[in-house]
J.: 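First the structure, which I've put down as structure tokens, then a few questions once you've had a look.
Chain letters run A, B, ... following the sequence lines, proteins first and then strands; every chain starts at 1. In this text, all values refer to a predicted model and were calculated from it rather than measured experimentally.
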2 protein chains.
Amino acid sequence: MSAAPQRREEILATAAEVFAAQGYNATTVREIADAAGMLAGSLYYHFDSKESMLDEILSTFLDELWARYDAVLAAGLGPRETLEALVIESFREIDRHRAAVAIYQRESKHLLAQPRFGYLAGSQAQFEKAWLGTLERGVATEAFRADLDIRLTYRFVRDTVWVAASWYRPDGPSSAEEIAGQYLSTVLEGIAPRA
Amino acid sequence: MSAAPQRREEILATAAEVFAAQGYNATTVREIADAAGMLAGSLYYHFDSKESMLDEILSTFLDELWARYDAVLAAGLGPRETLEALVIESFREIDRHRAAVAIYQRESKHLLAQPRFGYLAGSQAQFEKAWLGTLERGVATEAFRADLDIRLTYRFVRDTVWVAASWYRPDGPSSAEEIAGQYLSTVLEGIAPRA
DNA sequence: CTCCTTCCCTAACAAGTGTTTGGTAGGTTA
DNA sequence: TAACCTACCAAACACTTGTTAGGGAAGGAG
């Protein structure tokens, strides 16, 4: 479909930053064009519409995310190791596609209604399946506490991981791996000292 | 200023729901009016502007939130009990002002720039002070683990608590207190079984 | 009955929106 | 040189946006 040369991806990255900073609806194509050093109409040489840009940003991100997730899930690890690997890959994905993750987090809920973005629902379902399955497996094998509310725990973990995209900065004091480590330590061991 | 009779607050609650569901910018005054059973122009009998509605929704919510938070902070509890009380009050606030919390979570970041919403920055600073202080006190008194990254932990806790507003439903299977309990159990003790 | 207030409607406005059309400078190919 | 493709600009388009102005129905107060 799109033998995307460098200029196209440059514009896409710029658009993603503006979308992430201001929100999709609050961003005008004139602002995107301005940030890319061109005029609004010129964007339409590269893209069909503003919506197409959003679509391409999100689907590119999800494709890469699922490549990593599938690799983890196919590795045959135990539940605790699977959870650790998923969290680490998630933070790495935030590191690589910070803007896309922020956009996804913010817009996916109401985009689900549009047929064009129906694939977001599929991705969300797979996502839930992967995490819930890992947690269930962990409870069954006594790798996790038996009294966990699985669905609540899933939501807590999911939210906390992805929301990090709103404050994470690649040039910040902590690397993605360090943040993942601290987070895993919190979730697995708790913040109260072990007796 | 506003001796708000019932109709006004009715409209405000409706607007909050629509803002929370679609986002502030993506919501038109015609949609709000429609949901309230009137025409767009009629809203301006009750409110100066669309922005005024947003302002009133957020400031009302923050006023009530801080009344509860201040009570907790003034109670002279230990760090662990303070953290527990703050989390419980937060989930109760989500229960009462679900829409407002969702809007705050979604829009506050870019509203901070506007002078009219400058009070959001103040509230955010107080918020950070309250949570960071509690965590620091907990580490100092050995109520919490000594190797915690305080700032990261603060962000994790803050995000996870407030993001719940995007999926919590008052008529759902778990009450605000039950969710708070499960969450506190996760954060304090961890999901791995204690030896 | 008349006056006045409350609450809403009708109809329009100006500004901003995403998008389209036609044109054009510069480089590449033949 | 001529033809062509790429990447952009200039100017406009139809539409939606938040907002305003004037009017009118309903009901209580005098």
J.: Whole-Å distance between D:dG18 C1' and B:F19 CZ?
T.: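 These atoms are roughly 12 Å apart.
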
J.: Is it true that A:R80 and A:T141 share a donor-acceptor pair across their side chains at a distance under 3.5 Å?
T.: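 No, because no side-chain N or O of A:T141 sits under 3.5 Å from a partner of the opposite role on A:R80.
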
J.: Answer yes or no: is there an ion pair linking A:R137 with A:E142, defined by an N-O contact shorter than 4.0 Å?
T.: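 Answer for the salt bridge query: no.
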
J.: Do we see a donor-acceptor contact under 3.5 Å between the side chains of A:T160 and B:T160?
T.: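 The criterion, which ignores hydrogens and geometry beyond distance, is satisfied for B:T160 and A:T160.
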
J.: Tell me the interatomic distance from A:Y45, atom OH, to D:dA7, atom P, rounded to whole angstroms.
T.: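 Taking OH of A:Y45 and P of D:dA7, I get 4 Å after rounding.
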
J.: Show the distances under 3.5 angstrom between N or O atoms of the protein and N or O atoms of nucleotides 19-23 of chain D.
T.:
residue	atom	partner	partner atom	Å
D:dT19	OP2	B:Y44	OH	2.5
D:dT19	OP2	B:K50	N	2.8
D:dT19	O5'	B:Y44	OH	3.3

J.: Can a salt bridge be assigned to the pair A:R98 and A:E17 using a cut-off of 4.0 Å between side-chain N and carboxylate O?
T.: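 A salt bridge is present here (some side-chain N lies under 4.0 Å from a carboxylate O).
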
J.: At under 4.0 Å, does any side-chain N or O of A:R7 touch on OP1 or OP2 of D:dC8?
T.: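 Answer yes for this pair, as a side-chain N or O of A:R7 is under 4.0 Å from OP1 or OP2.
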
J.: As a test of understanding, state which of B:F127, B:F91, B:Y168, B:F156 forms a ring-ring contact (aromatic ring centres under 6.0 Å, His included) with B:W162.
T.: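 So the option named by the test is B:F127.
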
J.: Tell me yes or no: between the side chains of A:R155 and B:S166, is some donor less than 3.5 Å from an acceptor?
T.: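 No - no donor-acceptor pair under 3.5 Å links their side chains.
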
J.: Applying a 4.0 Å non-hydrogen cut-off, can you work out what A:S52 is touching in the nucleic acid: base, sugar-phosphate, or nothing?
T.: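 Counting heavy atoms under 4.0 Å across all strands, no contact is made by A:S52.
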
J.: Answer yes when A:E56 and A:K50 have at least one side-chain N-carboxylate O distance shorter than 4.0 Å, and no when they do not.
T.: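 No, A:E56 and A:K50 are not salt-bridged.
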
J.: Look at B:R92 together with B:E177 and state whether they make a salt bridge at an N to O cut-off of under 4.0 Å.
T.: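 Salt bridge present between B:R92 and B:E177.
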
J.: Please list, in 5' to 3' order, the outermost nucleotides of DNA chain C lying under 4.0 Å from any heavy atom of chain B.
T.: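 Going 5' to 3' along DNA chain C, contacts run C:dT6 to C:dA12.
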
J.: Whole angstrom is fine here: how far is it from CG in A:L39 over to C1' in D:dC8?
T.: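 Atom CG in A:L39 sits about 8 Å away from atom C1' in D:dC8.
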
J.: To the nearest angstrom, how far is A:I11 atom CD1 from D:dC9 atom P?
T.: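 After rounding, the reported distance stands at 10 Å.
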
